[in-house]
Amino acid sequence: MKFFRFDRLAWIFMRVSGFLLIGLIFTHLIVNLMQDGGVKAIDFAFVAGKLANPFWQWFDVTLLWLALIHGSNGMRVVIDDYVYRTGVKRFLLVSLVISTTTLIVLGTLVIFTLNPCPVGSPADLLPSFCAAG
Amino acid sequence: MSIKTPTKPKTVFRGTLYRGHEGMWSWVLHRITGIAIYFFLLVHVLDTATVRLDPELYNAVMASYKTPIMGLGEAALVAAIVFHAFNGLRIILVDMTAWASRHHRALFYGVLVLWAVVMIAFLPRHLMHVFGG
Ligand code: HEM
Ligand code: HEM
């Protein structure tokens, strides 16, 4: 009955993560698309300024993990529904697991290892707090 | 080969969640928007990762998000997310409460109205950012 239990956990996860993602994604879009200049205001200084703040680091990591796991579990269901040939299905599911894991690791590293003041970069591209040293 | 003239089916399915009418449309839209957001997210984590490499590279990548065509793409993405989010909330409610499953059809129209309200609030400001000076 192991399989049944996985499906049930996945079903609950889709609902809990979906509920949380509403708040996370709407906030993400308001801050990045509606605030001040909208998309046009997004550049290195903007992102480095945000990610220098632990609040946004943890916010982004939560968003990253929940959205990728929710989305790839949804894609698993879609693949299950449309792909019948076992070889093709296995290939797609393995690719899904590999790409999801890679992106989660990559995104998490980016969030926690970003240096907001890289040496040798023009000061006008960096957040204003870099100048203060 | 004799061909029977097709007759109109006498039974009309009403109130089933997944067949015909609103139930089917909400399901199809939920699936299409979920898949679209998933593929956006794959690209989005990669484009955000360039922030870790070099400020000038990240700014160049983000510049491509500020063109009029991408601005319209962002509007479509937000339209998809907002629908998926509200409709996902409806699915959760319909699964959890007897009241909502009795009124799932009315709730679907509620989703469309909420979606329209949010889009009317979002679009002018976003399009001004994209097309305004
Ligand atoms: C905004 C908040 C979100 C909510 C409330 C939400 C809610 C839901 C719900 C309730 C389901 C149905 C699960 C089931 O039937 O077991 C679902 C499916 C799905 N979601 Fe989301 N979701 C959200 C965000 C996302 C995001 C960001 C993505 C993509 C990265 C995504 C991709 C999918 C996919 C691909 C499916 C499967 C569709 C299908 O089986 O037809 N969702 N979502
Ligand atoms: C067009 C709309 C969007 C814009 C302009 C945008 C912009 C950005 C920006 C500037 C960042 C850098 C970090 C930050 O600001 O917090 C970022 C990161 C991120 N965004 Fe978005 N975003 C958009 C839509 C979305 C959507 C719909 C999702 C979820 C499905 C999402 C998920 C993420 C995640 C997970 C990260 C962190 C990536 C990492 O770990 O490196 N974004 N986004």
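Naming: A, B, ... by sequence-line order, numbering from 1 per chain. All heavy atoms count here, side chains included; hydrogens, waters and symmetry mates do not.
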| query | Do Lys89(A) and Tyr84(A) have side-chain heavy atoms sitting under 4.5 Å apart? | reply | no
| Is Met128(B) linked to Ile120(B) within one hydrophobic cluster, defined over Ile, Leu, Val, Met, Phe, Trp and Tyr using a side-chain heavy-atom separation of less than 4.5 Å? | no
Linked, directly or transitively: Ile104(A) and Leu109(A) (ILVMFWY side chains, under 4.5 Å):
no
Whatever's closer than 4.5 Å to a heavy atom in chain B on Val39(A) counts as both
Looking only at Leu46(B), Thr50(B), Val51(B), most heavy-atom pairs under 4.5 Å shared with chain A are made by Val51(B)
Whatever's closer than 4.5 Å to a heavy atom in chain A on Leu42(B) counts as both
Max heavy-atom pairs within cutoff under 4.5 Å with chain B, candidates Leu21(A), Leu29(A), Val77(A), Asp36(A), goes to Asp36(A)
Under 3.5 Å, is there a donor-acceptor pair between the side chain of Trp115(B) and the main chain of Ala79(B)? yes
Of the listed Ile30(A), Ile25(A), Thr113(A), Leu64(A), the one with the largest count of heavy-atom pairs under 4.5 Å with chain B is Thr113(A)
Between Pro118(A) and Pro55(B), the two heavy atoms sitting closest are CG-CG, 3.8 Å
Smallest heavy-atom separation, Leu41(B) atom then Ala67(A) atom, equals CD2-CB, 3.6 Å
Specify whether His28(A) and Phe59(A) have parallel, tilted or perpendicular ring planes, treating 30° as the upper limit for parallel and 60° as the lower limit for perpendicular.
-> parallel
- Task: Could you check whether the rings of Phe40(B) and His44(B) sit parallel, tilted or perpendicular, using 30° and 60° as the cut-offs?
- Result: parallel
Here the pair of heavy atoms bringing Phe129(A) nearest to Ala52(A) is CZ-CB, 3.8 Å
Heavy-atom closest pair (Leu126(A) atom, Cys130(A) atom, distance to 0.1 Å) is CB-SG, 3.9 Å
Check: Would a hydrophobic clustering, with Ile, Leu, Val, Met, Phe, Trp and Tyr connected at side-chain separations under 4.5 Å, put Ile92(B) with Trp99(B)?
Finding: no
From the list Val45(B), Asn59(B), Val118(B), the residue making the most non-hydrogen contacts under 4.5 Å with chain A is Asn59(B)
Cut-off 4.5 Å, heavy atoms of chain B, and the answer for Asp81(A) is side chain
*asked:* Any heavy-atom pair between the side chains of Phe44(A) and Ser121(A) that's under 4.5 Å?
replied: no
Most heavy-atom pairs under 4.5 Å with chain B, out of Ile111(A), Asn115(A), Val78(A), belong to Val78(A)
When the 4.5 angstrom heavy-atom criterion is applied to Phe122(B) and chain A, the contacting part is both
Turns out that what part of Phe46(A) lies under 4.5 Å from chain B's heavy atoms comes down to neither
Whatever's closer than 4.5 Å to a heavy atom in chain A on Val61(B) counts as neither
Between His104(B) and Val94(B), the two heavy atoms sitting closest are CB-CG2, 3.7 Å
Turns out that what part of Leu103(A) lies under 4.5 Å from chain B's heavy atoms comes down to both
Residue from Met96(B), His84(B), His126(B) scoring the most non-hydrogen pairs under 4.5 Å with chain A is His126(B)
Taking a cut-off of under 4.5 angstrom between non-hydrogen atoms, the residues of residues 62-75 of chain B near chain A are Met62(B), Tyr65(B), Lys66(B), Glu74(B)
Whatever's closer than 4.5 Å to a heavy atom in chain B on Leu106(A) counts as side chain
Per-residue tally against chain B (heavy atom, under 4.5 Å) across Arg15(A), Met75(A), Met34(A), Met14(A) peaks at Met34(A)
